[in-house]
Amino acid sequence: MTSSSIHNPVMLEEALDLLNVEKGKCFLDATVGLGGHAEAILGASDPDGRLLGTDADPDALARSANRLLRFGDRVQLRRAWLDAAPRAATDAGLTPFDGVLCDLGLSSLQLDSSERGFSFQAEGPLDMRLGPSDDAQTVSANQIVNEWTAEELANLIYDYGEERRSRRIARSIVRQRPIETTTQLAHCVVNAVGIRPGARMHPATRVFQAIRLEVNRELERLAAFLAQVRGLLRIGGRLVVIAFHSLEDRIVKQFLREQSSGSEPAFRTLTRRVMRPSRTESERNPRARSARLRAAEAI
């Protein structure tokens, strides 16, 4: 199965429009993943648009490189966590950019690879690391689940998972240790809170989200990236961020609110309200349903 066949870039038309993609322009895709957005940006900026793609996942980068091979030296790919993307851009000598895209969702490759441990729908080890295991950031989901106290787990699940039953779930996890697999963890959650008939969301969804955010320090990295992003853009350059849950979107919303107000604003907001996928896209790609897009222009 090719990367193209398993990856549908979310809100692609909206992103291209708000990035104002034109020939000759230079872009940063700070979470390039499997390269769906990058491919479209490079195609729309033919014949001489350029793009730097960064990502923490070396497997995703390898597949993205294959997908983007036909664009030759118009594209560069670098392995970097989101908060390190600005340094990678500086090292590549491509700043300032005409547009910066940040798609915060997990790729199909990551979700569907049971050995990565992101999904409770298939048996796999408790890992959830977006980067390789030998990275400087080495904490795994297994360590959090099996070594943290019940209070620490409850606070994490409540704060990052926005799960009101966090203490009950945390006590269930501690009682059933050691927990080695994704399905074992999901069973712990179900044993603690049950499954409501007709519920659209599995009760383990928020728990897995919370642990993944902590493992990869995703919210911290997003805030650090946004703090640096204005320095990457030329005047009139565009920033587009696609988030997939309220915690990410809240950080982006607050950042743009602060940066577009005051006596010396750095950005002009292009999306007065958060944009959501069309009904057609949501029906075609269920993973797009939770997407939230915000955009701004550097001034």
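Looking at S290, its side chain never comes within 3.5 Å of a backbone N or O of H245 through a donor-acceptor pair. Looking only at distances, no side-chain donor or acceptor of T95 sits under 3.5 Å from a matching main-chain atom of T90. Checking side-chain atoms of R79 against main-chain N and O of T54 turns up no donor-acceptor pair under 3.5 Å. The main-chain N or O of L42 is found under 3.5 Å from a side-chain atom of R74 such that the two form a donor-acceptor pair. Side chain of T271 to backbone of A295: a donor-acceptor contact under 3.5 angstrom is found. S114 contributes no side-chain N or O that, together with a main-chain N or O of G124, makes up a donor-acceptor pair within less than 3.5 Å. A donor-acceptor pair under 3.5 Å is formed between the side chain of S45 and the backbone N or O of I41. With R116 contributing its side chain and R129 its backbone, the two residues share a donor-acceptor pair below 3.5 Å. Listed for the E152 side chain is no donor-acceptor partner under 3.5 Å among the backbone atoms of W148. Looking at E214, its side chain never comes within 3.5 Å of a backbone N or O of A210 through a donor-acceptor pair.
Closest of all the heavy-atom pairs between S246 and R292 is N-NH1, 3.8 Å. Pairing each heavy atom of C188 with each of S172, the nearest pair is O-OG, 2.9 Å. Here the shortest heavy-atom pairing between L101 and A15 reads CD1-CB, 4.4 Å. The nearest pair of heavy atoms linking M128 to A141 is CG-CB, 3.9 Å. Across V32 and S64, no two heavy atoms sit closer than the pair CG2-OG, 3.7 Å. Nearest heavy atom pair, residue L82 against residue A30, reads CD1-CB, 3.7 Å.
The side chain to side chain contact (heavy atoms under 4.5 Å, CB included) with L293 is formed by just one residue from the set V241, D103, L18; it is L18.
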Item to complete: Test L19 against K25 for side chain to side chain contact (heavy atoms under 4.5 Å, CB included), laying out the working first.
Response: CA-CA 10 Å; L19 284 169; K25 288 187 173 182; over 6 Å; no

Discussion item. Using side chain to side chain contact (heavy atoms under 4.5 Å, CB included), reason through F255 and V229 one step at a time and then give a plain yes or no.
Written reply: CA-CA 11 Å; F255 170 78; V229 75; 3.9 Å; yes

Item to complete: In sequence, state the C-alpha distance, the side-chain angles, and the governing distance for V100 and R238, and then conclude on side chain to side chain contact (heavy atoms under 4.5 Å, CB included).
Response: CA-CA 6 Å; V100 172; R238 302 287 185 86; over 6 Å; no

Discussion item. Working note: V252 + L222, criterion side chain to side chain contact (heavy atoms under 4.5 Å, CB included); need CA distance, chi angles, decisive distance, verdict.
Written reply: CA-CA 8 Å; V252 179; L222 172 59; 4.2 Å; yes

Item to complete: Go through S278 and T280 one step at a time and tell me if the side-chain hydrogen bond (donor to acceptor under 3.5 Å, both in side chains) criterion holds.
Response: CA-CA 5 Å; S278 66; T280 300; 4.7 Å; no

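F97 and I299 are assigned to two separate hydrophobic clusters, defined by single-linkage of ILVMFWY side chains at heavy-atom distances under 4.5 Å. There is no path of hydrophobic side-chain contacts, each under 4.5 Å, that joins V274 to I242. When the side chains of ILVMFWY residues are joined at heavy-atom separations under 4.5 Å, either directly or via intervening members, L185 and Y158 end up in two distinct hydrophobic clusters.
Within the 4.5 Å cutoff, side-chain heavy atoms of K23 are placed close to those of D48. At a threshold of 4.5 Å between non-hydrogen side-chain atoms, the residues Q259 and L226 do not count as touching. A heavy-atom distance below 4.5 Å is not found between the side chains of D57 and L61. Within the 4.5 Å cutoff, no side-chain heavy atoms of F244 are placed close to those of L106. When side chains are defined from C-beta on, L213 does not count as touching L156, because their heavy atoms never get closer than 4.5 Å. Put simply, the side chain of M11 does not reach to within 4.5 Å of the side chain of V240, judged on heavy atoms. At a threshold of 4.5 Å between non-hydrogen side-chain atoms, the residues R272 and T269 do not count as touching. Taking 4.5 Å as the limit, some side-chain heavy atom of N142 sits within range of a side-chain heavy atom of E180.
Note: L126 CG to Q184 CD = 7.5 Å, rounded to the nearest 0.5 Å. Between D29 atom CG and D55 atom CG the span is 8.5 Å, to the nearest 0.5 Å. L233 contributes atom CG, which lies 5.5 Å from atom CZ of F267 (distance to the nearest 0.5 angstrom). Note that CG of N285 and CG of N8 are 5.0 Å apart. Values are rounded to the nearest 0.5 Å. Rounded to the nearest 0.5 Å, atoms CZ (R294) and CG (L239) are 12.0 Å apart. Between the CD1 atom of I157 and the CD1 atom of I211 there is a distance of 6.0 Å, given to the nearest 0.5 Å.
For E123, the CD atom counts as densely surrounded, since its 6.0 Å shell holds more than 12 non-hydrogen atoms of other residues, nucleotides or ligands. No more than 12 heavy atoms of other residues, nucleotides or ligands shown are found within 6.0 angstrom of CZ on R164.
Using modelled atom types and a 3.5 Å distance limit, the side chains of D159 and N155 yield no donor-acceptor pair.
Salt bridge annotation for R70-E39: present, with a cationic side-chain nitrogen under 4.0 angstrom from a carboxylate oxygen. The pair R250-E162 meets the salt-bridge criterion, since a charged nitrogen lies less than 4.0 angstrom from a carboxylate oxygen. Ionic pairing of D98 and R234 is present here: one or more N-O contacts between side-chain nitrogen and carboxylate oxygen are shorter than 4.0 angstrom.
Its side chain within the 4.5 Å cluster rule, I195 clusters with V190 among the Ile, Leu, Val, Met, Phe, Trp and Tyr residues. With a 4.5 Å cut-off between side-chain heavy atoms of Ile, Leu, Val, Met, Phe, Trp and Tyr, the cluster of M201 takes in none.
Checked against ring-ring contact (aromatic ring centres under 6.0 Å, His included), F120 has the following partners two or more places apart in sequence or in another chain: H202, F208.
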